[in-house]
Amino acid sequence: MKRTSIVRDWHSMAQGDLQPAEGALVSEKLLRLIRDGVTVVELQKIAVSIDPSGGGRDVPGIIGGFLGEDGRVWTTDDVSGAMSSAEWSTAACLLADRTNASIIYVEWNFGRDMCVLAIQTSWENLQNDGEIPKDVLMPAVLPVRAKQGKLLRAEPIAQQMVQDKARFHEVFPDLEREWSTWQYTDPDSPGRIDASCVLVYGLIPEANQGAIVHAPLPQAPQPGQIGRANQPGGAASAYGRRISK
């Protein structure tokens, strides 16, 4: 049911957790449009991004993706969830190994050296346990210093989506739910949004140069920015085509 439902229906009917979309960063319609299940893209750089948990109800975000030859950032994996530091660092290392990532980006406003140590320890433990081959080098762990405010951090990435510079390889119900419902007044930290921002900032550093302040973001694709699906480089159709792996 989760795989075949739209994000809002899954959370309202199956989880009893309907949230309003008014005032959210992007619309469900836009998220459907940036799903692309057909376009074949040459990979330029593969990465995993992490937004560590600050404790309490915060969920650490762990997102995988790559920069394509088309200049877009493609999200391919979301393994976020409620985890301890040992668990999220292990999940990130396993994802990096599975996707052959060369870089692990870490949100540097929280944790810093602790994050690097956790990743190094998990990688070593996984190699000792035989889950990652001994001859596989650990990806470089690089910091991403995003803007302090979560809204200021997320707005430029939402704009990247509007401009068709970021796409999803498949349906990500939990990630899409955060993007289409989270508001800056919410008490919970949006770990998946933060990790996906870290991914884009790491792969496209210029996206971190500015932010839209107190200006409403478009909630749907803008005319002329997202083309038809049959045009080279055009966005996915409104039917949410899925990419085959």
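The shown structure was predicted, so the numbers you read here are calculated from the model rather than taken from an experiment.
- With hydrogens and angles left out, the side-chain atoms of Ser89 and Trp123 include no donor and acceptor closer than 3.5 Å.
- Distance check: Met161 CE to Leu31 CG gives 6.0 Å after rounding to the nearest 0.5 Å.
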Passes side-chain contact (heavy atoms from CB on, under 4.5 Å), Trp88 versus Cys115? Steps please. CA-CA 10 Å; Trp88 64 247; Cys115 298; 4.1 Å; yes
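- When atom types are taken as modelled, the side chain of Tyr105 and the backbone of Val144 share no donor-acceptor pair closer than 3.5 angstrom.
- Judged purely by atom type and a 3.5 angstrom limit, Gln44 has no side-chain atom pairing as donor or acceptor with the backbone of Gly68.
- Atom CD1 in Ile46 sits 4.5 Å away from atom CG in Leu43 (nearest 0.5 Å).
- Residues Arg35 and Glu176 are paired through a salt bridge, judged by an N-O separation under 4.0 Å between the basic side chain and the carboxylate.
- Residues Ser102 and Lys45 approach most closely at OG-CG, 4.2 Å, considering heavy atoms.
- In this structure, Phe66 and Trp74 have parallel ring planes: the angle between them is below the 30° cut-off, well short of the 60° mark.
- Atom CD of Glu178 sits about 8.0 Å away from atom OG of Ser196, to the nearest 0.5 Å.
- Of the possible donor and acceptor atoms, none in the side chain of Thr75 sits under 3.5 Å from a partner among the backbone N and O of Phe168.
- Of all heavy-atom pairs between Ala86 and Ser122, the closest is O-OG, 3.8 Å.
- Each of Ile119, Val116, Asp51 was scored for a side-chain contact (heavy atoms from CB on, under 4.5 Å) with Val106, with one residue passing: Ile119.
- Rounded to the nearest 0.5 Å, atoms CG (Leu199) and CD1 (Ile62) are 13.0 Å apart.
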What's the verdict on side-chain contact (heavy atoms from CB on, under 4.5 Å) for Ile104 and Ile50, showing C-alpha distance, side-chain angles and the deciding distance? CA-CA 7 Å; Ile104 297 177; Ile50 305 172; 3.6 Å; yes
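- Glu107 has its side chain out of reach of Asp194: every pair of non-hydrogen atoms, C-beta onward, lies at least 4.5 Å apart.
- Remark: side-chain polar atoms of Gln160 are not paired, donor with acceptor, to backbone N or O of Ile157 under 3.5 angstrom.
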Apply side-chain contact (heavy atoms from CB on, under 4.5 Å) to the pair Asp77 and Ile63, showing each step before the final yes or no. CA-CA 6 Å; Asp77 296 271; Ile63 302 293; over 6 Å; no
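- Here the side chain of Thr76 pairs no donor or acceptor atom with the backbone of His169 at under 3.5 angstrom.
- A donor-acceptor contact shorter than 3.5 Å is absent between the side chain of Asp97 and the backbone of Cys93.
- In this structure, the side chain of Thr121 does not engage the main chain of Ala118 through any donor-acceptor pair within 3.5 Å.
- Without hydrogens or angle criteria, Tyr201 side chain to Arg153 main chain gives a donor-acceptor distance under 3.5 Å.
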Walk me through whether Val73 and Lys165 qualify under side-chain contact (heavy atoms from CB on, under 4.5 Å). CA-CA 6 Å; Val73 172; Lys165 295 180 180 178; over 6 Å; no
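- The closest donor-acceptor contact from the side chain of Asp78 to the backbone of Ser80 lies under 3.5 Å.
- Atom CG of Leu151 is separated from atom CD of Gln183 by 10.5 Å, given to the nearest 0.5 angstrom.
- Closest heavy-atom contact between Thr181 and Ala24: N-CB, 3.8 Å.
- A side-chain donor-acceptor contact under 3.5 Å links Gln127 to the backbone of Val136.
- Residues Ala96 and Pro139 approach most closely at CB-CG, 3.9 Å, considering heavy atoms.
- The pair Arg72-Asp36 does not count as a salt bridge, with every side-chain nitrogen at least 4.0 angstrom from each carboxylate oxygen.
- Note: Trp179 CH2 to Ile34 CD1 = 9.0 Å, rounded to the nearest 0.5 Å.
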